[in-house]
Amino acid sequence: MDKTYTPQNIESNWYKTWEEKNYFAPSGQGDSYCIMIPPPNVTGSLHMGHAFQQTIMDALTRYHRMTGHNTLWQPGTDHAGIATQMVVERLLAQDNVTRHDLGRDKFIEKVWEWKEQSGGTITSQQRRLGTSVDWSRERFTMDDGLSEAVKEVFVRLYEEDLIYRGKRLVNWDPKLHTAISDLEVENKDESGFLWHFRYPLADGVQTADGKDYIVVATTRPETMLGDTAVAVHPEDERYTHLVGKFVDLPLVGRRIPIVADEYVDKDFGTGCVKITPAHDFNDYEVGKRHQTALINVFDRDAKILKQAEAFNFEGQPIDGIDCTIPEGYGELDRYDARKKIVADFEALGLLEEIKDHSLVVPRGDRSGVVIEPWLTDQWYVSAKTLAEPAIKAVEDGDIEFVPKQWENTYYSWMRDIQDWCISRQLWWGHQIPAWYDNDGNVYVGRSEEEVRSKHNLADDIKLRQDEDVLDTWFSSALWTFSTLGWPHDEEALKTFHSTDVLVTGFDIIFFWVARMIMMTLHFIKNEDGTPQVPFKKVYVTGLIRDEQGQKMSKSKGNVLDPIDLIDGIELDDLVQKRTSGMMQPQLKQKIEKATRKAFPEGFAESGTDALRFTLTSLASLGRDIKFDVKRLEGYRNFCNKIWNAARYVQMNTEDENGNALDCGQNGGDVELSVADRWIISRLQSVEADVQKYYEQYRFDLMSQTLYEFIWNEYCDWYLELSKPVFWNENSTEAQLRGTRRTLVRVLETTLRLIHPIMPFISEEIWQSIKGLAGVEGDSIMLQAFPVADESKIDQQAEQDIEWLKGVIVGVRNIRGEMNIAPSKALDLLFRNGSEDDKQRLANNENFLKALAKLESITWLNDGDEAPMSATQLVGQMEVLVPMAGLIDKDAEIARLNKELEKLQKDIQRISGKLNNENFVSKAPEAVVAKEKAKLDEMSAASAKLNEQMEAIKSM
RNA sequence: AGUCCCGUAGCUCAGUUGGUUAGAGCGCUACCUUGACAUGGUAGAGGUCACCAGUUCGAAUCUGGUCGGGACUACCA
């Protein structure tokens with residue numbers, strides 16, 4: 001083994017080997033365990049969030065593989081409709097080409113080219129991360145098989161009346177020219193105005209206070225061109241006499257009714273609301289209740305039409321409605337139209353006032369432009385029917401969220417779920433399996449042939465397929481079963497479905513998790529017909545944020561590429577990476593400055609294992625993660641520590657020529673020291689804890705447990721305790737064998753414990769020590785995961801080592817505080833020890849002398865005078881370091897004072913407790929007894945130290 | 001507006017059913033190149049657990065409130 005740990009040398013080869021040998025495929029034996037990867041979008045490359053989630057999935061996968069499960073981690077990618085189409089359009093735009101220049105087929109070809117490239121980037125990144133997915137099963141949401149599943153689901157839902165088509169208001173993105181679902185709309189608080197307009201009353205009617213107009217307030221003046229009514233509250237006395245009367249809509253001249261509707265808030269604005277059913281979701285409902293028309297005034301760009309269009313609520317065009325668009329408004333952008341409307345109202349003397357107003361503005365999550373409620377034909381999924389069993393599955397505990405609090409979020413959305421608009425006016429995606437004839441009839445089916453034969457359509461009837469595609473999330477909703485071969489090949493489905501756990505972020509609980517639950521419960525059934533859940537657990541991870549706690553995003557220029565942390569990157573390259581290909585180049589300087597400030601050194605190479613360990617150690621439940629590069633450095637050092645510990649083990653279990661020494665594998669007496677028994681005992685507890693933490697998804701606690709065991713117990717103490725055995729000329733062969741065997745076996749076991757988190761370093765070291773540990777096998781991946789053996793828990797050994805540590809730390813404390821050179825060997829005196837103490841010393845003298853660097857150890861009898869000494873207490877026993885020539889009297893007095901003060905404080909606190917009548921009578925006996933024992937011990941200690949103090953002072 | 005999360009050492013965070021001397025990593029101080037490791041070792045400094053009130057013999061932990069930070073959902077034109 002090399003002297004220093006260099007991750008690059010070991011990581012590249014092992015992954016290739018594992019993959020070539022097909023270790024990632026399910027073993028075909030044991031109970032099944034399955035995780036579906038949340039398919040990354042093929043829009044670019046993996047970010048820290050992916051690295052985080054995939055580390056957790058890989059740890060779970062490797063763990064279950066090692067516990068003997070038939071384990072499948074299913075990989076794949078998502079076509080990410082809008083997002084990917086936008087990426088490719090932006091690329092084309094660099095050459096001044098639009099998708100329309102290319103035409104649909106050519107454009108889609110380009111997107112496939114991009115998909116190949118981006119998909120390749122993603123999978124190679126995944127390999128670098130060490131993900132043990134079964135690549136032979138890799139899927140893409142637009143594969144033939146998955147497209148089959150999409151069609152099948154669409155057709156069946158249509159046949160069950162759970163998918164329908166209708167002309168309704170949708171969230172229209174006027175930039176991307178597509179409908180989007182409610183979830184893709186981001187509502188943002190922005191400041192704007194509330195314009196108060198006067199609408200003249202028709203037929204000479206007057207208001208209660210004698211005006212010939214009423215005042216409506218609006219934040220969207222331009223939509224008044226499509227007004228079909230004015231609404232007031234039914235109990236608003238100011239206006240009751242006007243209900244049923246009319247106003248003449250200014251500019252347009254249309255006569256529209258005044259209606260009474262509960263929707264109106266009497267106390268807001270003027271209490272009169274203009275109703276524009278074709279351009280506002282609430283107005284749509286009001287209009288529907290009062291059977292007004294729908295008057296659309298916008299085109300697909302949200303520009304004013306030359307001639308408005310009127311529809312009824314069945315979506316049919318209607319005649320006889322005045323659809324005038326006033327002169328000069330046609331083709332005006334919505335915001336220009338707004339200005340003009342306001343100006344025109346003002347000119348007409350109909351502008352009452354303008355108030356500042358904060359309002360909520362809906363923006364498209366991809367385009368960022370203001371979304372327009374717009375009347376179009378779209379396809380919908382009736383969500384309520386599907387939602388019911390999906391709610392129940394969580395209520396009944398068939399699906400559990402970890403942490404549990406996310407179930408609230410899930411319920412609150414599901415119980416108020418709206419129909420899901422699934423059609424998108426894009427080119428990249430699954431084209432909707434619906435065909436139209438020239439009479440406007442719709443036929444839904446798996447193919448044109450199926451449609452023709454099913455509906456007996458003659459060959460000469462022309463059919464054209466719906467040009468729209470489905471929402472990306474429609475296909476991802478089928479992910480757990482479409483990837484396993486549904487609807488045609490159900491073998492894998494039978495084996496691996498329901499899957500075990502979904503690891504994902506809370507940001508897609510609605511987009512994805514909820515919809516997967518709905519679709520899967522509806523389509524996948526057990527043999528007895530009961531529905532199958534897609535997964536039994538949902539592990540919801542936090543978000544990885546930057547060092548400031550900001551969300552990482554390309555536009556903010558604060559993203560970290562996990563590969564850069566693994567390989568390291570120069571500052572200049574990092575800056576270059578963060579500032580290239582930006583959508584907002586004006587931010588370049590700011591990003592550069594922030595980056596140079598945050599990471600003045602760039603990143604050193606840390607290796608995959610260190611990154612993975614960092615991510616798991618940060619994986620607390622229900623909390624976002626501020627990614628701290630310092631933490632990564634610490635765990636890189638941890639890898640180095642493991643590496644060097646392994647080197648020590650190897651050096652002491654092989655001779656200079658690399659031949660194995662006798663580690664007790666081939667018979668011969670084996671004698672275990674107390675240290676050997678102690679570390680074996682401690683290992684059992686660690687094994688039990690690790691298993692528990694897997695069950696609880698507490699990767700943070702697991703990492704901490706492993707870190708502490710390896711560093712603070714195995715390295716800091718056990719390795720040191722092994723040295724006296726190896727270096728003592730009097731050690732017997734049996735003793736040497738015992739310690740060698742323990743040394744290497746504990747290491748070998750520990751490597752298996754860390755393997756799911758740190759696959760590379762564990763494999764590399766394991767390969768070079770497996771023989772020494774008497775283990776055979778091709779890869780640590782295929783070894784069994786360690787299981788705690790309670791019979792190896794050795795209380796006696798643990799207590800003995802605690803005692804030993806107490807003495808050693810006591811001596812070291814005196815050395816440290818008194819500035820005694822580490823090289824100076826000390827003469828140690830013990831006084832007032834019990835039989836146990838004496839026994840322990842007898843058993844451990846060798847260890848004690850070596851680790852505390854002692855020249856001699858002498859027991860004083862009870863009455864014996866001690867020379868002036870610095871004192872430490874281990875229980876009742878006094879450990880004395882003679883001061884002569886070493887220790888300054890005042891320094892020792894000061895040190896004792898410090899100790900005594902601490903003791904005094906504790907004694908006060910505890911005796912206060914014990915003097916409290918209530919505590920003694922009401923607290924459990926065990927607690928009282930414990931406090932009493934503590935007090936006794938501290939009092940005795942205090943007395944001893946005081947005595948010692950007096951002795952020193954009087955000398 | 002509703003729901004939820006968070007506030008613990010200079011920084012990033014653990015602390016599982018109330019009973020610990022409140023922990024870790026990084027950073028800091030002093031000493032040490034001893035034959036696994038200076039990406040290291042040893043010793044140490046550092047906390048009124050945001051604040052207030054309550055429940056309790058006992059609260060970082062439970063309850064209510066206040067302040068501060070954040071997330072999600074909904075929304076009055």
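Proteins come first, then strands; the chains are lettered A, B, ... in the order of their sequence lines, and each starts at number 1.
- Within a 6.0 Å sphere centred on NZ of K932(A), other residues, nucleotides and ligands contribute 12 heavy atoms or fewer.
- Nucleotide A1(B) has U73(B) as its partner under the Watson-Crick or G-U criteria, with both atom distances under 3.5 Å.
- U17(B) and C13(B) are spaced 23 Å apart, taking the C1' atom of each and rounding to whole Å.
- Mapping L618(A) and V809(A) onto RNA chain B by nearest heavy atom places L618(A) at the nucleotide closer to the 5' end.
- Put simply, chain A comes within 4.0 Å of RNA chain B, heavy atom to any atom, from C4(B) to A77(B), going 5' to 3'.
- As judged by a 4.0 angstrom heavy-atom cut-off over every strand, R815(A) is placed among residues making no nucleic acid contact.
- Using atom P as the reference point in both G68(B) and A74(B), the two lie 26 Å apart (nearest Å).
- Within the nucleic acid shown, W643(A) has no heavy atom closer than 4.0 Å to any nucleic acid atom.
- Counting any heavy atom pair closer than 4.0 Å across all strands shown, V264(A) reaches a base atom.
- Looking at heavy-atom distances under 4.0 Å, S921(A) makes no contact with the nucleic acid at all.
- Remark on RNA chain B: of its neighbouring residues D265(A) and C639(A), the 5'-side contact belongs to C639(A), judged by nearest-heavy-atom nucleotide.
- Nucleotides G64(B) and U55(B), compared at atom C1', are 11 Å apart to the nearest Å.
- Ring geometry for W643(A) against Y5(A) counts as tilted: the plane angle lies between 30° and 60°, on a 0 to 90° scale.
- Base pairing of G68(B) is made with C6(B), judged by Watson-Crick or G-U wobble geometry with both donor-acceptor distances under 3.5 Å.
- Rounded to the nearest Å, the gap between the P atom of U20(B) and that of U66(B) is 31 Å.
- Rounded to whole Å, the C1' atom of A50(B) lies 12 Å from the corresponding atom of A60(B).
- To the nearest whole angstrom, the two P atoms, one in G25(B) and one in A43(B), are 12 Å apart.
- Residue contacts for L701(A): at a heavy-atom cut-off of 4.0 Å it reaches the sugar-phosphate backbone alone, with no base atom in range.
- Residue G542(A) is out of contact with every strand shown, counting any heavy-atom pair closer than 4.0 Å.
- No contact: S412(A) has no heavy atom under 4.0 Å from any strand.
- By the 30° and 60° cut-offs, the orientation of the rings of F638(A) relative to F613(A) is tilted.
- Across all strands shown, K641(A) has heavy atoms under 4.0 Å from base atoms, whether or not it also approaches the sugar-phosphate.
- Backbone-only engagement by K934(A) is indicated by non-hydrogen atom pairs under 4.0 Å involving sugar-phosphate atoms exclusively.
- Here, C26(B) and C72(B) have their P atoms 34 Å apart, quoted to the whole Å.
- Ion pairing between a basic and an acidic side chain is recognised when a charged N comes within 4.0 Å of a carboxylate O; E633(A) and R636(A) show no such pairing.
- At the heavy-atom level, F638(A) lies nowhere under 4.0 Å from the strands shown.
- With respect to the salt-bridge test (charged N to carboxylate O, under 4.0 angstrom), the residues E372(A) and R334(A) qualify.
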Before you tell me yes or no, could you show the steps for E190(A) and R363(A) under salt bridge (charged side-chain N to carboxylate O under 4.0 Å, His left out), namely the whole-Å CA-CA distance, both residues' side-chain angles and the distance that decides it to 0.1 Å? CA-CA 11 Å; E190(A) 293 180 19; R363(A) 290 183 180 273; 2.6 Å; yes
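- The gap from the P atom of C5(B) to that of G46(B) amounts to 35 Å, rounded to the nearest Å.
- Within 4.0 Å (heavy atoms only), E720(A) reaches at least one base atom of the nucleic acid.
- Looking at heavy-atom distances under 4.0 Å, R220(A) makes no contact with the nucleic acid at all.
- Among the heavy atoms of the strands lying under 4.0 Å from K913(A) are primed sugar atoms or P, OP1, OP2 only; no base atom is included.
- Take F726(A) and apply the ring pair (Phe, Tyr, Trp, His ring centres under 6.0 Å) test, not counting sequence neighbours, and it matches no residue.
- Ring centroids of Y635(A) and Y707(A) are separated by less than 6.0 Å, placing the two rings close together.
- Across all strands shown, K3(A) has heavy atoms under 4.0 Å from sugar-phosphate atoms exclusively, and none from any base.
- Annotation for Y693(A): atom OH counts as buried by contact number, over 12 foreign heavy atoms lying within 6.0 Å.
- Nucleotide G25(B) forms a pair with C11(B), judged by Watson-Crick or G-U wobble geometry with both contacts under 3.5 Å.
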